[in-house]
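Notes for the one structure printed next.
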Amino acid sequence: MTRLFVAGIFVCALAAAQSPFRFPTANQALYEPGQELKFFAPTAPDKPWNSGSFGCVRSDGWQMHEGLDIRCLQRDRRGEPTDPIMSTADGTVVYINKRPSLSNYGNYIVIRHLIEGLEIYSLYAHLSAIQPALRVGQAVKGGEVIATMGRTSNTGETITQDRAHVHFELNVFVNDNFPAWYKKAFPGERNDHGMWNGQNLNALDECEILLAEHSPKGGFSLLNFVRGQTGLCRVLVRATNFPYLKRYPELVLKNPVADKEGVAGYEIAWNYNAVAFALMPRAASEIKGRARFQLLSVNEAEYAAHHCRRLVVKRVGRWELTDTGLRELELLTY
Ligand SMILES: [Zn+2]
């Protein structure tokens, strides 16, 4: 009896781990084949549905969109969206922006989740209203209502009523030292959101995650999903102590040579959105060249498919890190 009971708990725990994320609204049409336009809000009526999806989906493949624009299902008499926005998983509120004029996200919320040991940050943007009692530091349950869908943003182009959506992201967090780095990288520029600036959050493909965890094959693991990202390139950093290593120890690989001789740097695999998904410690004897940041290799097929972040570029037959790529490494290792 006891054994059965224990087995029952085990099955439940496994099921929860396999579908860690819920949809942030009642719209689940992503699961209806061919019904993409019921789920995604494209950038304009004549644009394809995937302009509201994740990836290099805008400006002919040259502009990144880091989230899903999930279409509105409910409106008030004036046609304004009223969909309740729900936390995608159990977590803790880490940031609430209630000054829509200070962000292209408009009013937005960031929630921290711990899933299979990985810190993942969900973000919900363009909100019209935030639950009045919601506070930073507060624990929330998956499915708990946190806000109401809206159209807030500080961009010149307003979000029209027919495009009303929630912009939803699932991110890794880059660096706690973001405010100090930002001050140095962009002297004199305002940073209104501290470390909760979108530049400090690198999104994973939310669409792939929601589809994978729903797959009849089952067995979804977020950790395996992150570890299994396709590499855009491998870079070497001559840095040995930066916050990402402590935040994501599950992504740090083993190297007996570095264990024995000491770590002099890290070889990092980046996906096309600069998510560092594998970090290999390297000993001094394994590192060629003296540069602080080195580009080791580029996956040309991946670059051909997804180049909009412009992290690397081929100049006169040679691949190199762009200023954007170098800036990402500066931030990662700051
Ligand atoms: Zn969006």
Side-chain angles (χ1 to χ4, degrees), residues 21-30 35-75 80-88 95-111 120-130 146-172 192-193 196-211 272-275 306 308-309:
F21 303 107
R22 302 162 182 240
F23 285 87
T25 78
N27 190 341
Q28 301 195 3
L30 181 67
Q35 297 299 311
E36 287 85 1
L37 276 169
K38 279 168 73 179
F39 186 74
F40 295 104
T43 50
D46 59 340
K47 295 287 181 193
W49 64 264
N50 75 351
S51 60
S53 187
F54 174 92
C56 298
V57 293
R58 297 183 178 175
S59 308
D60 295 324
W62 282 103
Q63 193 191 337
M64 182 72 196
H65 181 239
E66 289 201 86
L68 305 184
D69 289 349
I70 303 173
R71 197 183 268 283
C72 146
L73 292 179
Q74 249 178 250
R75 295 174 188 272
E80 292 298 334
T82 58
D83 302 41
I85 304 298
M86 300 168 283
S87 177
T88 187
Y95 191 65
I96 300 174
N97 178 48
K98 290 184 180 172
R99 298 169 297 169
S101 64
L102 296 185
S103 174
N104 52 7
Y105 288 138
N107 291 318
Y108 71 96
I109 299 173
V110 184
I111 299 179
I120 294 293
Y121 292 80
S122 60
L123 184 150
Y124 315 78
H126 312 312
L127 308 168
S128 66
I130 288 159
I146 52 172
T148 307
M149 187 183 283
R151 304 192 282 128
T152 57
S153 176
N154 72 351
T155 48
E157 272 175 66
T158 52
I159 300 167
T160 54
Q161 264 191 352
D162 59 309
R163 264 194 83 216
H165 63 267
V166 64
H167 170 99
F168 171 62
E169 295 180 5
L170 294 173
N171 297 284
V172 298
D192 295 304
H193 309 289
W196 307 109
N197 186 309
Q199 285 184 56
N200 200 26
L201 297 164
N202 283 340
L204 296 160
D205 188 334
E206 302 83 8
C207 189
E208 277 187 3
I209 291 176
L210 289 169
L211 288 173
Y272 76 85
N273 194 32
V275 172
H306 310 282
C308 62
R309 284 293 308 272

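Computed from heavy atoms alone, side chains included, the values below leave out hydrogens, waters and symmetry copies. Every number for a ligand or one of its atoms is a count from 1 in the order of the listing.
R71 is listed as a side-chain neighbour of P42, based on a closest heavy-atom distance under 4.5 Å.
Closest of all the heavy-atom pairs between G52 and F40 is O-CD2, 3.3 Å.
Between the Zn ion (ligand 1) and the N, O or S atoms of D69, the shortest distance is to OD1. For H167, the N, O or S atom with the smallest separation from the Zn ion (ligand 1) is ND1. Within H65, the N/O/S atom positioned nearest the Zn ion (ligand 1) carries the name NE2.
For R58 and D69, the salt-bridge test passes: some basic side-chain N is under 4.0 Å from an acidic carboxylate O.
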Evaluation steps, side-chain hydrogen bond (donor to acceptor under 3.5 Å, both in side chains), between D162 and T160: CA-CA 6 Å; D162 59 309; T160 54; 2.8 Å; yes
